[in-house]
Student: 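After the structure tokens below, expect a handful of questions from me.
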Amino acid sequence: MSTERLRLSAQRARFGEWRASRPFLGGVLLALGGVTVAFVLIFSMGITFARASPSAFALVAATATFLCGVFALVEPDLAGLLGVAGVVSVVVSLVGTPLGAVLGVVLSILGGNLCYAWQPEAES
């Protein structure tokens, strides 16, 4: 029983170190906002999209927002650039997004700002 606790606490410590070295909250909010916008688009318009419709373009922009959040977690050195790109892509997705995606847009803008403002810890 105690070895399981030690292993679990070691895993938590490694995750804490990983999380501290990245813009964790910003990346998660950016990715979550992109997923929220995409789900609202898919469930409001259905599976069928016209090829050149604004909704299809907004779905591509929402996917780009999600990917910016994921890449901000993977590559923390590019967090500022990815935060700006995520905010720009979610604002672009407003063209074809119904009103129900407001929560996703707010989450993405907040996450992009956190990614942009994140600075790595100074090593002693």
Side-chain angles (χ1 to χ4, degrees):
M1 179 80 173
S2 65
T3 58
E4 288 180 20
R5 281 189 169 175
L6 288 175
R7 188 173 49 113
L8 193 65
S9 66
Q11 289 175 348
R12 284 184 183 169
R14 278 189 296 159
F15 177 71
E17 291 171 7
W18 179 83
R19 190 182 71 179
S21 66
R22 299 171 189 304
F24 185 74
L25 184 61
V28 168
L29 286 177
L30 195 57
L32 186 64
V35 168
T36 305
V37 171
F39 275 147
V40 168
L41 280 167
I42 289 171
F43 289 127
S44 68
M45 297 298 186
I47 299 299
T48 58
F49 284 102
R51 273 194 268 177
S53 72
S55 296
F57 181 68
L59 186 62
V60 170
T63 304
T65 304
F66 169 75
L67 290 175
C68 284
V70 170
F71 289 146
L73 292 173
V74 174
E75 286 293 328
D77 295 335
L78 301 174
L81 177 67
L82 291 168
V84 171
V87 169
V88 168
S89 64
V90 80
V91 168
V92 165
S93 76
L94 286 173
V95 171
T97 305
L99 188 60
V102 171
L103 175 66
V105 171
V106 169
L107 286 175
S108 295
I109 290 174
L110 182 63
N113 287 332
L114 287 173
C115 284
Y116 180 73
W118 180 78
Q119 294 292 323
E121 292 180 1
E123 294 183 23
S124 306

Student: Going by the rule side-chain hydrogen bond (donor to acceptor under 3.5 Å, both in side chains), which residues pair with S108 if we only count those two or more places apart in sequence or in a different chain?
Tutor: none

Student: Shared ILVMFWY cluster between V106 and L30, side chains joined below 4.5 angstrom?
Tutor: no

Student: Please examine the side chains of P76 and S21, heavy atoms only from C-beta on, and report whether any two atoms are closer than 4.5 Å.
Tutor: no

Student: Looking only at heavy atoms, which two atoms of W118 and A79 are closest? And how far apart?
Tutor: CE3-CB, 4.1 Å

Student: Search all heavy atoms of L82 against all heavy atoms of A72 and return the closest pair with its distance.
Tutor: CD1-N, 3.5 Å

Student: What is the minimum heavy-atom distance between T97 and L41, and which atoms define it?
Tutor: CA-CD2, 3.9 Å

Student: So which atom in V37 and which in A62 form the shortest heavy-atom distance, rounded to 0.1 Å?
Tutor: CG1-CB, 3.7 Å

Student: Under the side chain to side chain contact (heavy atoms under 4.5 Å, CB included) test, which residues partner V60, sequence neighbours left out?
Tutor: none

Student: About how many Å separate CG of N113 and CD1 of I109, when rounded to the nearest 0.5 Å?
Tutor: 7.5 Å

Student: If you group Ile, Leu, Val, Met, Phe, Trp and Tyr whenever their side-chain heavy atoms sit less than 4.5 Å apart, what else falls in with F15?
Tutor: W18, F24, V28, L73

Student: How would you list, by chain and number, every residue that makes a side chain to side chain contact (heavy atoms under 4.5 Å, CB included) with Q119, sequence neighbours excluded?
Tutor: none

Student: Of all residues at least two apart in sequence or in a different chain, which pass the side chain to side chain contact (heavy atoms under 4.5 Å, CB included) check with A85?
Tutor: C68

Student: Determine, using the 4.5 Å side-chain heavy-atom cutoff (strictly less than), whether V70 and V35 are members of one ILVMFWY cluster.
Tutor: yes

Student: Between T36 and L107, which heavy-atom pair has the shortest distance, and what is it?
Tutor: OG1-CD1, 4.4 Å

Student: Test of understanding: clusters of I, L, V, M, F, W, Y form through side-chain heavy atoms closer than 4.5 Å, transitively. Do V91 and V95 belong to the same one?
Tutor: no

Student: Do you reckon L103 sits in the same ILVMFWY cluster as L25, going by side-chain contacts under 4.5 Å, direct or chained?
Tutor: yes

Student: Any side chain to side chain donor-acceptor pair (under 3.5 Å) involving residues 57-84? Give me the pairs, sequence neighbours left out, ordered by first then second residue.
Tutor: T65-S89

Student: If you take all heavy atoms of A61 and V92, which pair is closest and at what distance?
Tutor: CB-CG1, 4.4 Å

